[in-house]
Number of protein chains: 2
Amino acid sequence: MSSESLTSRLGYLLKHAQQRLALMNSAALKPHGIDGRELAILLVLADHEQESQQQAAGRLGIDRTTMVAFLDTLERKGLVTRRAHADDRRKNIVELTEIGREVLRNATEAADAAERDFLTPLSPRQGEQLKAALLAVIESS
Amino acid sequence: MSSESLTSRLGYLLKHAQQRLALMNSAALKPHGIDGRELAILLVLADHEQESQQQAAGRLGIDRTTMVAFLDTLERKGLVTRRAHADDRRKNIVELTEIGREVLRNATEAADAAERDFLTPLSPRQGEQLKAALLAVIESS
DNA sequence: TATTGTTATACTCTATAACTATA
DNA sequence: TATAGTTATAGAGTATAACAATA
């Protein structure tokens, strides 16, 4: 029998699991004044200092024109700064501010708590197996 | 250590796994002339005949105004028909046509093949465990 | 009055094209 | 000429508000 109901299809399960975690993440991050994508940007910036905003955008898989608006927002919130690259003044080096680092720390902890909450129905081992399985199917590029 | 890189976060893994399967699904469905959401609609219609289009929209979690455009497209493709409900002429009963049933059959097989392809890096048992884990975290409403 | 389907409209998100300043 | 950042604009996708038909 190839015919199965929608709600048992893998695509449905993945999409709804993703949406549910995104919702929980969003709620957990709200007190810290950022959303999920902003946290992703802060994580990339913290992991790769001294990179141009276009390089950071590339890591995040978002367009450089979209990156401009995101950084505008984060800069307005005082979480990042832009400064011209010393050797190539066309490039902007984007860095976290002190406040940015603190928000990143607290927001990451909140997101971690949301993940643990999300994984409650699973045993710790099953949670690890879920992450390992997702990593495996992603990397089979 | 709470700080981890973006690409090892559960949210990132779920989102990218979902996107990858959606891409493979889209490619597999293309020869059958429908996309993933249209397949979802056909599946719901096949599973719940004699329902109004608003009831079907509810099952899919999409707005009734959005449903109108989707059904317009599917009707134009000859896959579904609308007819007034006998007892309540405000309602539209939506049904699959013969062609609609055949497209659903073939498209479902193609989507099944895409899922198997997607799960290639995992053992059959691991694939089942992945689906079970996703179902568990979704249902813990 | 309330509900179903529909239409018109607005809003969000993102990408494309064109501009500037640097190289 | 080419590239980084920016801006203006357009497109996809979806939701909100208003309307006609029916209950």
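First the proteins, then the strands, lettered A, B, ... as listed; each starts at 1.
- Here the P atom of nucleotide D:dA2 and the NZ atom of A:K91 are 17 Å apart, to the nearest Å.
- Annotation: side chain to side chain donor-acceptor pair (under 3.5 Å) contacts involving residues 10-26 of chain A, sequence neighbours excluded, comprise A:R20-B:S140.
- Rounded to an integer number of Å, the gap from A:L71 CG to D:dT7 P is 12 Å.
- Using a 4.0 Å cutoff on non-hydrogen atoms, the parts of residues 29-41 of chain B near DNA chain D are B:R37, ordered by number.
- Of the inter-residue distances, the one linking B:L29 atom CG with B:T108 atom OG1 reads 8.5 Å to the nearest 0.5 angstrom.
- In this structure, A:F70 places its CZ atom 16 Å from C1' of D:dT6, rounding to the nearest Å.
- Rounded to whole angstrom, the span from the CG atom of A:D72 across to the C1' atom of D:dA8 amounts to 14 Å.
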Show every donor-acceptor pair shorter than 3.5 Å between a side-chain atom in residues 124-136 of chain B and any protein atom, with sequence neighbours excluded, or say none if there are none.
| residue | atom | partner | partner atom | Å |
| --- | --- | --- | --- | --- |
| B:Q126 | OE1 | B:S123 | N | 2.9 |
| B:Q126 | OE1 | B:S123 | OG | 3.4 |
| B:K131 | NZ | A:S8 | O | 3.3 |

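- Of the residues in residues 49-61 of chain A, A:S52, A:Q53, A:Q54 come within less than 4.0 Å of DNA chain D through at least one heavy atom, sorted by number.
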What N/O pairs connect the protein and nucleotides 18-23 of chain D at under 3.5 Å? Give each pair on its own line.
| residue | atom | partner | partner atom | Å |
| --- | --- | --- | --- | --- |
| D:dA23 | OP1 | B:R89 | N | 2.9 |

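- The ring pair (Phe, Tyr, Trp, His ring centres under 6.0 Å) contacts involving residues 68-127 of chain A comprise nothing, where partners must be two or more places apart or lie in separate chains.
- Interatomic distance, B:L10 CG to A:L119 CG, rounded to the nearest 0.5 Å: 5.5 Å.
- The side chain to side chain donor-acceptor pair (under 3.5 Å) test applied to B:D117 returns no partner, not counting sequence neighbours.
- Among residue pairs with one or both ends in residues 58-70 of chain A, those qualifying as salt bridge (charged side-chain N to carboxylate O under 4.0 Å, His left out) are A:E51-A:R59; sequence neighbours excluded.
- For DNA chain C, the contact window with chain A, defined by any atom under 4.0 Å from a protein heavy atom, covers C:dC13 to C:dA23 in 5' to 3' order.
- B:E115 pairs by the side chain to side chain donor-acceptor pair (under 3.5 Å) definition with A:R9, not counting sequence neighbours.
- Note that CG of A:L13 is 9.0 Å distant from CG of A:L6, once rounded to the nearest 0.5 Å.
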Report, one line per pair, each donor and acceptor closer than 3.5 Å where one atom sits in a side chain of residues 33-46 of chain B; sequence neighbours left out.
| residue | atom | partner | partner atom | Å |
| --- | --- | --- | --- | --- |
| B:D35 | OD1 | B:R37 | N | 3.2 |
| B:D35 | OD1 | B:E38 | N | 2.9 |
| B:E38 | OE1 | B:D35 | N | 3.0 |
| B:E38 | OE1 | B:K77 | NZ | 3.0 |
| B:E38 | OE2 | B:K77 | NZ | 3.1 |

Quick one: side chains of residues 93-102 of chain A, donor-acceptor pairs under 3.5 Å with protein atoms, not counting sequence neighbours, listed by atom name and distance.
| residue | atom | partner | partner atom | Å |
| --- | --- | --- | --- | --- |
| A:E95 | OE1 | A:R83 | NE | 3.2 |
| A:E95 | OE2 | A:Q50 | NE2 | 3.0 |
| A:E95 | OE2 | A:R83 | NH2 | 3.3 |
| A:T97 | OG1 | A:G78 | O | 2.7 |
| A:T97 | OG1 | A:L79 | O | 3.3 |
| A:T97 | OG1 | A:I99 | N | 3.4 |
| A:T97 | OG1 | A:G100 | N | 2.9 |
| A:R101 | NH1 | A:E49 | OE2 | 3.0 |
| A:R101 | NH2 | A:L96 | O | 3.4 |

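- Within the 4.5 Å cutoff, the side chain of B:L122 has heavy atoms near those of the A:V137 side chain.
- A side-chain hydrogen bond (donor to acceptor under 3.5 Å, both in side chains) with B:N92 is found for exactly one of B:R82, B:Q54, B:Q53, namely B:Q53.
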